[in-house]
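To start, the structure itself, in structure tokens.
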2 protein chains.
Amino acid sequence: MPAPKPGKPVRGSKTGRPIMALLDLLGRRWVLRIGWELHDGRALSFRALQLACGGVSPTVLNQRLRDLRDADLVELLDGEGYRLTKDGEVLLEMLAPLDQWAKRWARKTK
Amino acid sequence: MPAPKPGKPVRGSKTGRPIMALLDLLGRRWVLRIGWELHDGRALSFRALQLACGGVSPTVLNQRLRDLRDADLVELLDGEGYRLTKDGEVLLEMLAPLDQWAKRWARKTK
DNA sequence: CAGTTTGCTACATTATCCGTAGCATACCGA
DNA sequence: TCGGTATGCTACGGATAATGTAGCAAACTG
């Protein structure tokens, strides 16, 4: 499955609405987690990122990184490793409050 | 794979950190989309929801709905169909700005 | 020149998803 | 009482995606 692009039909939507492409992308396995590990300008090498994600298989990791790079959310810097782009940072700042929500969730679920 | 719970080990994390469980849940296929279709208190029948999601197979849809119900994000109301719980609404309000972001993204990607 | 680290690929196995068909229950009008 | 329709949902077989292990080629390091 190719990386979702706004304007193109994606899984479950032929209209090309940007939000649909985004939901498709973010809903792919490991994408949210990868973003989470890279937030706040943190750059990680392929292997460090793999480790941070609890040992994802390099196959999927690489595929997701390609998806994210195609979407201009992540970039590979020579000698620095992978890092969020400016756009990627903006997107992930939006997801930051999820951490708080999750903590409340944990308290309630007990 | 069982529905992720805060406090329990999930895919890629054995620590039980709530955010990890949440990222696992939200990263499952169709979860974000289902939430998106149900936002703002909208209740949809199983079949209407299936249609709204572009014809997802009922197998996965049911599995995801079960995940979401286990997480108390979604509930099935007799005669009303599926709807977000209060917690679910709060979570989805956080994701609302994604729509704006996606639109800017679309403009840039052109 | 051996050892390490880099990003990444190959390959076989397993898990997940998909599409279609269909079941059981409940309602609704004739 | 008999379709017809809608409900939530399951069965099943085939397609697709993810996993785990091994390893390669290039760059750097001692």
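Every heavy atom of this structure was used, including side-chain atoms; hydrogens, water molecules and symmetry mates were not. Residue numbering restarts at 1 for every chain, and letters A, B, ... go by the order of the sequence lines.
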Task: Interatomic distance where CG belongs to B:Leu65 and P belongs to D:dT10 [whole Å] - done: 11 Å
Task: Interatomic distance where CD belongs to A:Glu80 and P belongs to C:dT5 [whole Å] - done: 19 Å
TODO: Using a 4.0 Å heavy-atom cut-off, write out nucleotides 18-29 of chain D from 5' to 3' as B (base contacted by protein), S (sugar-phosphate only) or - (no contact).
DONE: SBBBBB------
Can you give me every donor-acceptor pair (side chain of residues 53-62 of chain A, partner residue at least two apart or in another chain, under 3.5 Å) with its distance?
none

TODO: Ignoring backbone atoms, test whether A:Asn62 places a side-chain nitrogen or oxygen under 4.0 Å from the OP1 or OP2 oxygen of C:dT9.
DONE: yes
TODO: Only pairs at least two apart or in different chains count here, so list each ring-ring contact (aromatic ring centres under 6.0 Å, His included) that has a residue in residues 54-76 of chain A.
DONE: none
Open item on the list: Can you measure A:Met1 atom CE to D:dT16 atom C1' for me and round it to whole angstrom units?
Closed with: 10 Å
Open item on the list: What is the separation between atom CG on B:Asp78 and atom C1' on D:dG8, rounded to the nearest whole Å?
Closed with: 11 Å
Task: Between D:dG8 (P) and B:Glu75 (CD): distance, integer Å - done: 14 Å
Task: Residue pairs, two or more places apart or on separate chains, that pass side-chain hydrogen bond (donor to acceptor under 3.5 Å, both in side chains) and touch residues 13-25 of chain B - done: B:Arg11-B:Asp24, B:Ser13-B:Thr15, B:Asp24-B:Arg28
Task: Separation of C:dC18 C1' from B:Leu61 CG (nearest whole Å) - done: 13 Å
Task: Of all pairs that satisfy salt bridge (charged side-chain N to carboxylate O under 4.0 Å, His left out), the ones with a partner from residues 46-61 of chain A, not counting sequence neighbours - done: none
Task: Rounded distance in Å - CG (B:Leu49) to P (D:dA6) - done: 17 Å
TODO: Please lay out, stage by stage, how B:Thr109 and A:Asp72 fare under the test side chain to side chain contact (heavy atoms under 4.5 Å, CB included).
DONE: CA-CA 8 Å; B:Thr109 307; A:Asp72 282 319; 5.7 Å; no
Open item on the list: I need the CG-P distance between B:Leu51 and D:dA6, as an integer number of Å.
Closed with: 12 Å
Could you go through residues 100-108 of chain B and list every donor-acceptor pair under 3.5 Å that involves a side-chain atom there, pairing it with any protein atom two or more places apart or in another chain?
from: B:Trp105; atom 1: NE1; to: A:Ala71; atom 2: O; distance (Å): 3.2
from: B:Lys108; atom 1: NZ; to: A:Asp87; atom 2: OD1; distance (Å): 3.0

